[in-house]
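Structure first, commentary second.
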Amino acid sequence: MNCHQVRNNLIFYYYGELEDYQMQQIKEHLQQCDLCRREYNKLALALDYAHKQSQMKAPSDIWQAISGRIDNTQPTKTRTVWLSAVQLIAAAAAIAIAILIGSLMGRTYVEQSYQIVSHQQLYEDYDSLVEAFTSFDQSVYIVLDK
Amino acid sequence: MEYISEEILIQRLKARDKKVFQHFVNQYKDKLFRLAMGFVHDAFLAEDIVQDVFVKLWQNIDSWQEGRARLGTWLYKVTVNHSLNKVRDNKKTAHVQDIGQFVRQSNDGMIEIQIPDQTRDPHKALENKELAGILRRAINSLPRKQRIAFVLSKYQKMSSKEIAEVMELSVSNVDVIIHRAKKNLQKQILKLMR
């Protein structure tokens with residue numbers, strides 16, 4: 001192997017990921033070639049440090065820190081409200097009117113984010129919402145994010 | 001602690017069983033810490049990331065839906081994303097990072113100044129700091145997929161199959177990405193160490 005071939009494979013040699021004969025050829029080359037050996041030693045120094053980092057453990061008191069934080073924070077609550085088809089239409093109409101008024105006034109108010117969800121499917125856009133109106137066999141509910 | 005299935009585990013977490021949560025944290029904390037280290041190369045920052053991920057899980061466990069990815073896979077994904085965000089944010093505040101990494105606020109609100117490297121040899125500490133900086137720059141210079149695949153492979157010791165699950169890619173694709181990542185990483189490390 002020449003220097004070019006050896007240098008192309010230094011990292012694979014470091015990780016021992018070459019065929020046995022290639023490992024042997026590079027080993028022999030590194031014993032003879034100062035320049036390639038210097039390059040390999042630099043690479044190995046950084047990769048040894050990466051290996052050292054990959055052996056590190058989380059601080060032993062991390063549970064105390066997490067426990068303290070979860071005691072001071074409330075879980076994110078989602079309130080699920082089941083709506084009948086009539087209520088759903090009324091809610092959608094109210095949203096549509098609010099958007100219309102907002103756009104007419106040139107301003108858009110976003111007071112609460114809504115996610116419209118069905119049993120299996122998340123309706124993210126208006127077309128899907130319209131589709132939901134026409135599928136009365138599916139129970140549709142709205143999750144109100146706090 | 002008896003063995004419990006993931007389904008039961010999630011039920012207990014939803015019921016706010018803190019003892020089960022503690023056991024779960026102990027099971028994953030080192031894995032997530034090493035994963036975060038692979039991206040941020042800073043023990044304090046990695047600890048913050050791990051804390052954030054577990055707190056996020058605790059806060060949002062109610063909305064966990066059955067049939068989603070396994071909880072472990074979800075934790076790895078969230079840790080990867082959170083770590084990448086921290087790296088991005090830290091680039092913006094790089095000028096204060098050198099001081100900031102030695103200072104932290106303890107749980108009781110006290111400010112602590114700590115030496116991050118545990119070695120007592122100042123030359124070794126400096127060398128380690130330089131090496132950490134070189135690794136951080138070299139790994140962060142990789143394209144996103146290569147970066148994630150390399151860190152999962154070498155810091156998390158994951159198999160290609162496990163990486164494929166986390167990254168939602170095929171195993172053969174993961175192998176190609178890791179191969180390219182190593183080639184690029186060698187190039188970057190040697191360039192930075194000239």
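Within every chain, numbering begins at 1; the chains are lettered A, B, ... in the order of the sequence lines, protein sequences first and strands thereafter. Nothing here was measured: the structure is a model prediction, and the numbers come from that model.
Contacts of E17(A) with chain B are made by side-chain atoms alone, with heavy-atom separations under 4.5 Å and no backbone atom involved. Neither the backbone nor the side chain of D48(A) comes within contact range of chain B; no heavy atoms are under 4.5 Å apart. Proximity to chain A (any heavy atom under 4.5 Å) is shown, for A132(B), by both the backbone and the side chain. Looking at L45(A), both its backbone and its side chain come within 4.5 Å of chain B, counting heavy atoms on both sides. Residue Y28(B) does not touch chain A at all, counting heavy-atom pairs closer than 4.5 Å. With a 4.5 Å cut-off on non-hydrogen atoms, V25(B) touches chain A through its side chain but not through its backbone. Neither the backbone nor the side chain of Y14(A) has a heavy atom closer than 4.5 Å to any heavy atom of chain B.
Atom OG of residue S67(A) and atom CH2 of residue W58(B) lie 9.0 Å apart, to the nearest 0.5 angstrom. Note: K18(B) NZ to I70(A) CD1 = 4.5 Å, rounded to the nearest 0.5 Å. Rounded to the nearest 0.5 Å, atoms NZ (K42(A)) and CG (L131(B)) are 12.5 Å apart. Note that the CZ atom of R69(A) and the CG atom of D52(B) stand 4.5 Å from one another [nearest 0.5 Å].
More than 12 heavy atoms of other residues, nucleotides or ligands shown are found within 6.0 angstrom of CG on N2(A).
The side chain to side chain contact (heavy atoms under 4.5 Å, CB included) check on I97(A) picks up I101(A), with sequence neighbours excluded. Here V78(B) pairs with V53(B), K56(B), W74(B) under the side chain to side chain contact (heavy atoms under 4.5 Å, CB included) rule; sequence neighbours left out.
For a heavy-atom cut-off of 4.5 Å, chain A lies close to K182(B), K183(B), L185(B), Q186(B), I189(B), L190(B), M193(B), R194(B) in residues 180-194 of chain B. Along residues 154-166 of chain B, the residues that come nearer than 4.5 angstrom to chain A, judged on non-hydrogen atoms, are K154(B), Y155(B), K157(B) in order of number.
In this pair, W63(A) and F21(B) present their aromatic rings perpendicular. The plane angle is above 60°, beyond the 30 to 60° band.
In this structure, the side chain of D30(B) does not engage the main chain of K57(A) through any donor-acceptor pair within 3.5 Å.
Looking only at atom types and distance, the side chain of Q53(A) has no donor-acceptor partner in the side chain of R34(B) under 3.5 Å away.
Of all heavy-atom pairs spanning A43(B) and M56(A), the tightest one is CB-CE, 4.2 Å.
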